[in-house]
Asker: 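This is the structure I want to talk about, given as structure tokens.
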Protein chains: 2
Amino acid sequence: MPKLGMEPLRRRALIDATISAIGERGSLDVTMSEIAGRAGVSSALAHHYFGAKDELLLATMRHILAELTADMRRALRSTSTARERVSAVVAVNFSDIQFQPETIAAWLAFYVEAQKSAALRRLLKVYARRLHSNLLSGLTGILPRSEADRVAEATAALIDGLYIRRALKDGVPNATTAIALIEDYLETKLSRRSAQ
Amino acid sequence: MPKLGMEPLRRRALIDATISAIGERGSLDVTMSEIAGRAGVSSALAHHYFGAKDELLLATMRHILAELTADMRRALRSTSTARERVSAVVAVNFSDIQFQPETIAAWLAFYVEAQKSAALRRLLKVYARRLHSNLLSGLTGILPRSEADRVAEATAALIDGLYIRRALKDGVPNATTAIALIEDYLETKLSRRSAQ
DNA sequence: TATTTTTTATTGACGGATCAATCAACAAAA
DNA sequence: TTTTGTTGATTGATCCGTCAATAAAAAATA
């Protein structure tokens with residue numbers, strides 16, 4: 001009994017199913033049938049709406065990035081100082097929505113896949129550049145350009161590193177600890193400069 | 001014309017081939033035929049010596065870890081102060097042998113696979129714990145225990161994060177920059193403490 | 001020493017399983 | 001009657017793992 005206007009609902013359901021499937025298995029090695037089953041439809045329908053599997057995966061990554069970007073914008077809107085902006089960027093990456101096992105596993109899996117897929121690599125590069133510029137926009141208000149650049153690079157690396165460690169359930173366990181670790185780094189970096 | 005004593009040579013060749021295959025493809029999605037072909041043998045022989053594919057992958061990871069461990073021991077042997085020990089641990093992770101595209105891609109791929117394979121996860125956990133304790137053994141001579149622990153955690157996360165970024169050919173380009181970034185972090189952390 | 005037998009090295013071919021992608025067909029709304 | 005939604009069945013490709021067969025070295029035996 002086909003109701004009209006199913007397309008956006010199915011697309012969304014399939015993307016959600018993709019994230020949860022990848023999150024559970026911990027890799028992109030999930031079958032179209034598995035994903036479709038989770039979304040409550042046949043694998044043929046998944047192909048109908050997304051074409052090849054690659055495009056479903058790409059759409060999923062796009063969705064994750066879009067959510068992160070939206071969260072970021074929202075968080076940045078309610079800040080006033082440069083220092084606050086830096087903390088906001090860090091905090092968003094470890095918010096309840098982002099720092100979940102499923103999402104992290106998906107991130108990691110996509111990172112690996114990006115070495116194969118040029119399209120995915122381009123997507124991740126856009127994100128990386130945006131993260132960097134977001135961090136920089138806060139840091140340049142406090143540090144000289146060259147040092148701000150290095151601190152932004154280190155912060156981004158710390159975020160990625162803590163994501164990996166989370167995925168392996170080793171080391172840093174929760175988001176609070178992760179944030180504290182990065183804030184500690186930023187504080188020593190920033191307070192030191194302001195004291196000079 | 002079968003020469004005797006081939007086993008260790010074939011095993012080594014197959015492991016090397018596995019690393020280069022994974023490194024080139026950027027994921028563990030390499031076929032036994034591909035690996036065997038690179039090693040100059042048939043896929044049947046690879047199965048003959050390693051059994052299932054999982055075990056070849058596991059042996060490969062073990063080999064990479066063993067090399068890293070050996071490098072680490074060698075580097076630590078020629079240090080005398082606690083501070084030098086910390087720098088040595090960092091440097092080894094970015095040495096010419098370790099910080100190569102192939103090895104890094106393999107690392108990343110294994111990280112992801114570890115979410116599926118318990119055996120692989122155990123292996124990586126051993127490495128993570130050893131890295132932590134190596135860092136700690138240097139840091140506890142300079143910082144109070146709790147802070148040393150946090151700095152070790154952050155340093156490990158930085159190493160992982162810089163590895164990821166290297167794999168994506170984004171951000172930090174070379175080993176020297178990566179080391180400088182971590183050393184800069186350590187220096188601010190350590191000099192600040194010693195000044196108090 | 002000459003021979004048989006065992007061990008080691010190696011592969012081509014194949015079975016069987018998995019899975020992406022297609023397609024014809026059906027059902028209901030417009 | 002056209003459009004939209006949906007699926008079961010099927011095809012074709014890929015790939016792991018096995019097995020029987022071959023070849024040569026080493027060991028055992030006559």
Side-chain angles (χ1 to χ4, degrees), chain A residues 1-61 106 109-110 112-113 116-120, chain B residues 1-22 24-61 109-110 112-113 116-120:
Chain A
M1 51 294 280
K3 286 176 184 173
L4 278 251
M6 281 284 100
E7 177 153 0
L9 300 181
R10 295 302 192 200
R11 287 193 111 97
R12 179 59 196 266
L14 282 164
I15 287 177
D16 286 348
T18 304
I19 295 176
S20 87
I22 293 175
E24 198 163 297
R25 180 136 325 181
S27 90
L28 297 192
D29 259 336
V30 286
T31 69
M32 288 295 269
S33 305
E34 162 83 12
I35 294 171
R38 278 169 188 263
V41 298
S42 73
S43 71
L45 195 66
H47 277 106
H48 175 65
Y49 283 129
F50 285 96
K53 186 183 176 184
D54 301 4
E55 275 167 84
L56 172 54
L57 295 181
L58 209 60
T60 302
M61 188 73 241
F110 278 121
V112 171
E113 188 70 10
K116 275 193 276 186
S117 157
L120 214 50
Chain B
M1 47 311 257
K3 287 175 182 172
L4 278 252
M6 280 285 103
E7 177 155 359
L9 298 181
R10 294 304 193 198
R11 287 192 110 97
R12 180 58 196 266
L14 282 164
I15 286 176
D16 287 347
T18 304
I19 294 176
S20 86
I22 292 174
E24 198 164 296
R25 180 133 327 176
S27 88
L28 297 191
D29 260 336
V30 286
T31 69
M32 288 296 269
S33 304
E34 160 83 13
I35 294 171
R38 279 168 187 262
V41 297
S42 73
S43 70
L45 195 67
H47 277 106
H48 174 66
Y49 282 129
F50 285 96
K53 187 183 174 185
D54 300 3
E55 273 166 86
L56 172 54
L57 295 181
L58 208 60
T60 302
M61 187 73 242
F110 278 122
V112 171
E113 188 70 8
K116 275 193 275 185
S117 156
L120 214 49

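Naming: A, B, ... by sequence-line order, numbering from 1 per chain.
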Asker: Taking only heavy atoms on the protein side, list every residue of residues 39-58 of chain A lying under 4.0 Å from any atom of DNA chain D, sorted numerically.
Answerer: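 Heavy-atom contacts with DNA chain D come from A:V41, A:S42, A:A44, A:L45, A:H48, A:Y49.
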
Asker: Taking CG from B:D29 and C1' from C:dC19, how many angstroms apart are they, rounded to a whole number?
Answerer: 13 Å

Asker: Grab the CD1-C1' distance between A:I35 and C:dA20 for me, whole Å please.
Answerer: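 Taking atom C1' of C:dA20 as the reference, CD1 of A:I35 is at 12 Å.
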
Asker: Short question: side chain of B:T60, backbone of B:L56 - any donor-acceptor pair under 3.5 Å?
Answerer: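 The answer is yes, because a donor-acceptor pair under 3.5 Å joins these two groups.
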
Asker: Do B:V112 and B:L28 have side chains that approach each other closer than 4.5 Å (heavy atoms only, starting at C-beta)?
Answerer: no

Asker: Looking only at side-chain atoms of B:L4, point me to the closest of C:dT10, D:dT6, D:dA26.
Answerer: D:dA26

Asker: Taking 4.0 angstrom as the limit, do A:K116 and A:E113 come out as a salt bridge?
Answerer: yes

Asker: Do A:I15 and A:F50 have side chains that approach each other closer than 4.5 Å (heavy atoms only, starting at C-beta)?
Answerer: yes

Asker: If I take atom CE in residue B:M32 and atom P in nucleotide D:dT14, what distance separates them, rounded to the nearest angstrom?
Answerer: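 So the CE-P distance, B:M32 to D:dT14, works out to 19 Å.
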
Asker: Tell me: CZ of B:R11 to C1' of C:dA9, nearest whole Å?
Answerer: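 Taking atom C1' of C:dA9 as the reference, CZ of B:R11 is at 14 Å.
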
Asker: To the nearest Å, how far apart are B:M6 CE and C:dT10 P?
Answerer: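 To the nearest whole Å, that distance equals 6 Å.
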
Asker: Could you check how far CG of B:L14 sits from P of D:dC16, rounded to whole Å?
Answerer: 14 Å

Asker: Kindly say if A:R10 contacts the phosphate of D:dT6, meaning a side-chain N or O under 4.0 Å from OP1 or OP2.
Answerer: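 Yes.
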
Asker: Return the set of residues passing salt bridge (Lys or Arg N to Asp or Glu O under 4.0 Å) with A:R38 (not counting sequence neighbours), or none when no residue passes.
Answerer: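 A:E24, A:E34.
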
Asker: Which heavy-atom pair separates A:R25 from A:V30 by the least distance, and what is that distance?
Answerer: CB-CG1, 4.1 Å

